[in-house]
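Below: the structure, in structure tokens.
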Amino acid sequence: MKVAGGWLEAAETQVLLRALLSKGHQALFVGGCVRNAILGVAVQDVDIATDAIPDIVTKIAENAGLRAVPTGIEHGTVTVISGGLAHEVTTFRRDQQTDGRHAVVAYSTSVAEDASRRDFTMNALYAQADGEVIDPLSGMADLVARRVRFVGDADRRIAEDHLRILRFFRFHANYGDPDQGIDPEGLAACAANCAAIDTLSRERVGAEMQKLLSAFDPSPAVSAMDHAGVLARVSPGASARAMPVLVHLEQGNPRGWPCRLAVLGGQNILDRLRLSRANASALDQIRAEIGSGLAPDALGWRYGEKQAGDIVHARAALLETALPDHWRADANRGAAAIFPITAADLMPALHGPALGAKLKALQRRWLASGLTLTREQLLA
């Protein structure tokens with residue numbers, strides 16, 4: 001079988017491949033670019049595996065007029081910039097020592113040996129420069145069946161890198177077949193080793209959860225995480241119960257991961273996932289307004305149409321109610337509305353805390369009226 005696509009045929013990429021091949025080295029596309037090309041999914045990153053060690057890769061790249069950056073030299077990775085396009089070029093490897101977070105690797109010349117240290121069979125697919133697929137571990141069958149399966153022994157793969165527990169659920173959410181269900185051996189291994197999640201950095205956990213919750217429908221994967229005890233390790237007190245309700249309410253238009261994270265709930269979630277300031281603020285707003293009762297127009301005025309929609313969906317999912325009629329139009333109307341009173345309208349009669357309190361009271365009246373009261377009516 002051959003894969004095809006603009007990413008494979010790009011002149012910038014072919015220059016690098018020809019440079020490596022001309023010196024007698026192997027140069028194979030590997031991992032996500034091959035997997036996604038087979039599935040017909042957009043290819044984001046182009047990774048290349050080779051039997052050339054990093055020093056040789058660097059020398060060959062520079063002799064070809066390309067720029068080589070030692071971005072992951074301790075793991076055998078050199079980023080080669082060709083025509084402005086970045087390629088991660090990694091030497092075939094085998095693990096010598098692992099502790100669940102870091103690995104000490106040795107270079108190899110064997111594709112099969114390199115494949116055997118990868119996480120899932122669908123990621124152990126390689127392709128030659130012409131697109132011909134090399135499948136050393138029969139990962140093609142799993143990919144076509146949309147079956148996320150660990151390479152070899154699942155417990156051993158997890159022991160090598162604890163983040164693979166979360167990656168297992170993330171890949172199931174994005175590539176797995178929900179009707180077929182999650183791989184039982186992998187699920188059992190994740191459940192047995194879920195305490196290892198506590199050893200991971202919060203940034204890595206947060207990044208994986210964002211990717212998982214960005215899937216079109218993460219509810220089967222999140223439910224499996226919940227049953228395996230993994231979700232509780234990520235966020236104590238979180239529940240997958242409302243996630244399928246939210247996905248149903250979305251009607252094929254995902255709200256985005258902050259809304260889904262709010263529906264999961266949990267304790268100290270902002271700190272445990274080390275969210276950015278902007279994402280933490282968005283999540284706080286959604287969670288604070290779930291029980292506020294503010295109508296979509298008021299939410300639109302306060303937060304904008306997008307955030308108002310997230311709040312409306314999260315509230316309906318958690319309370320298991322229908323979405324309000326015309327919520328989108330109301331949220332848009334609110335987002336465009338301008339509160340008709342300014343501080344100058346109340347001065348000099350009021351100032352300081354009294355002025356602020358009066359403005360807030362008038363805002364509440366205006367919001368309660370459906371944003372219809374005029375300046376004259378509010379000041380009367």
If you measure from [atom1] on [X] to [atom2] on [Y], what distance do you get to the nearest 0.5 Å?
X: Ile48; Y: Thr91; atom1: CD1; atom2: OG1; answer: 12.0 Å
X: Ile341; Y: Leu373; atom1: CD1; atom2: CG; answer: 9.5 Å
X: Leu213; Y: Met243; atom1: CG; atom2: CE; answer: 5.5 Å
X: Arg18; Y: Leu16; atom1: CZ; atom2: CG; answer: 10.0 Å

Side chain to side chain donor-acceptor pair (under 3.5 Å) with [X]: which residues, sequence neighbours excluded?
X: Asp217; value: Ser219
X: Arg365; value: none
X: Asn193; value: Asp155

Can you name the residues that form a salt bridge (Lys or Arg N to Asp or Glu O under 4.0 Å) with [X], not counting sequence neighbours?
X: Asp310; value: Arg255, Lys306
X: Lys2; value: Asp130
X: Asp330; value: Arg333

Describe, in one word, how the ring planes of Phe150 and Phe168 are oriented to each other, choosing from parallel (under 30°), tilted (30 to 60°) and perpendicular (over 60°).
parallel
Run the side-chain contact (heavy atoms from CB on, under 4.5 Å) test against Arg233 and tell me which residues pass, sequence neighbours left out.
Cys194, Ala195, Ile197, Asp198
Kindly write out the residues that satisfy side-chain contact (heavy atoms from CB on, under 4.5 Å) with Thr342, not counting sequence neighbours, or none if the list is empty.
Ala344, Asp345
Taking ring pair (Phe, Tyr, Trp, His ring centres under 6.0 Å) as the cut-off, I'd like each qualifying pair that reaches into residues 22-73, sequence neighbours left out, listed once.
Trp7-Phe29
Salt bridge or not for Arg274 and Asp271, using N-O below 4.0 Å?
yes
Reference residue Arg170; test side chain to side chain contact (heavy atoms under 4.5 Å, CB included); the match among Met209, Lys211, Arg164:
Lys211
Here's a test for you: under side chain to side chain contact (heavy atoms under 4.5 Å, CB included), which of Ile165, Val230, Leu264, Leu187 qualifies with Met225?
Val230
Using only atom types and a distance under 3.5 Å, with no angle test, would you say the side chain of Gln377 pairs donor to acceptor with the backbone of Thr374?
yes
Exam field: side chain Ser281 to backbone Ala278, donor-acceptor pair closer than 3.5 Å
no
Is Leu28 isolated, or which residues cluster with it under the ILVMFWY side-chain rule of less than 4.5 Å, directly or via members?
Val30, Phe92, Val111, Tyr126, Ile134
Note: with side-chain heavy atoms under 4.5 Å as the link, the other cluster members for Leu319 come out as none
Over all heavy atoms of both residues, which pair between [X] and [Y] is shortest? Give the atoms and the distance, please.
X: Ala173; Y: Ala221; answer: CB-CB, 3.8 Å
X: Glu305; Y: Ala331; answer: CG-CB, 4.2 Å
X: Gln26; Y: Asp51; answer: N-OD1, 2.9 Å

Donor-acceptor side-chain pairing of Thr13 and His87 below 3.5 angstrom:
yes
Do any side-chain atoms of residues 55-69 form donor-acceptor pairs under 3.5 angstrom with protein atoms, and if so which ones, sequence neighbours left out?
{"residue": "Thr58", "atom": "OG1", "partner": "Pro54", "partner atom": "O", "Å": "3.0"}
{"residue": "Asn63", "atom": "ND2", "partner": "Lys59", "partner atom": "O", "Å": "3.3"}

Let's go through Val151 and Arg157 carefully: what are the C-alpha distance in whole Å and the side-chain angles of both, what is the deciding distance for side-chain contact (heavy atoms from CB on, under 4.5 Å) to 0.1 Å, and is it a yes or a no?
CA-CA 7 Å; Val151 169; Arg157 294 288 83 78; 4.2 Å; yes
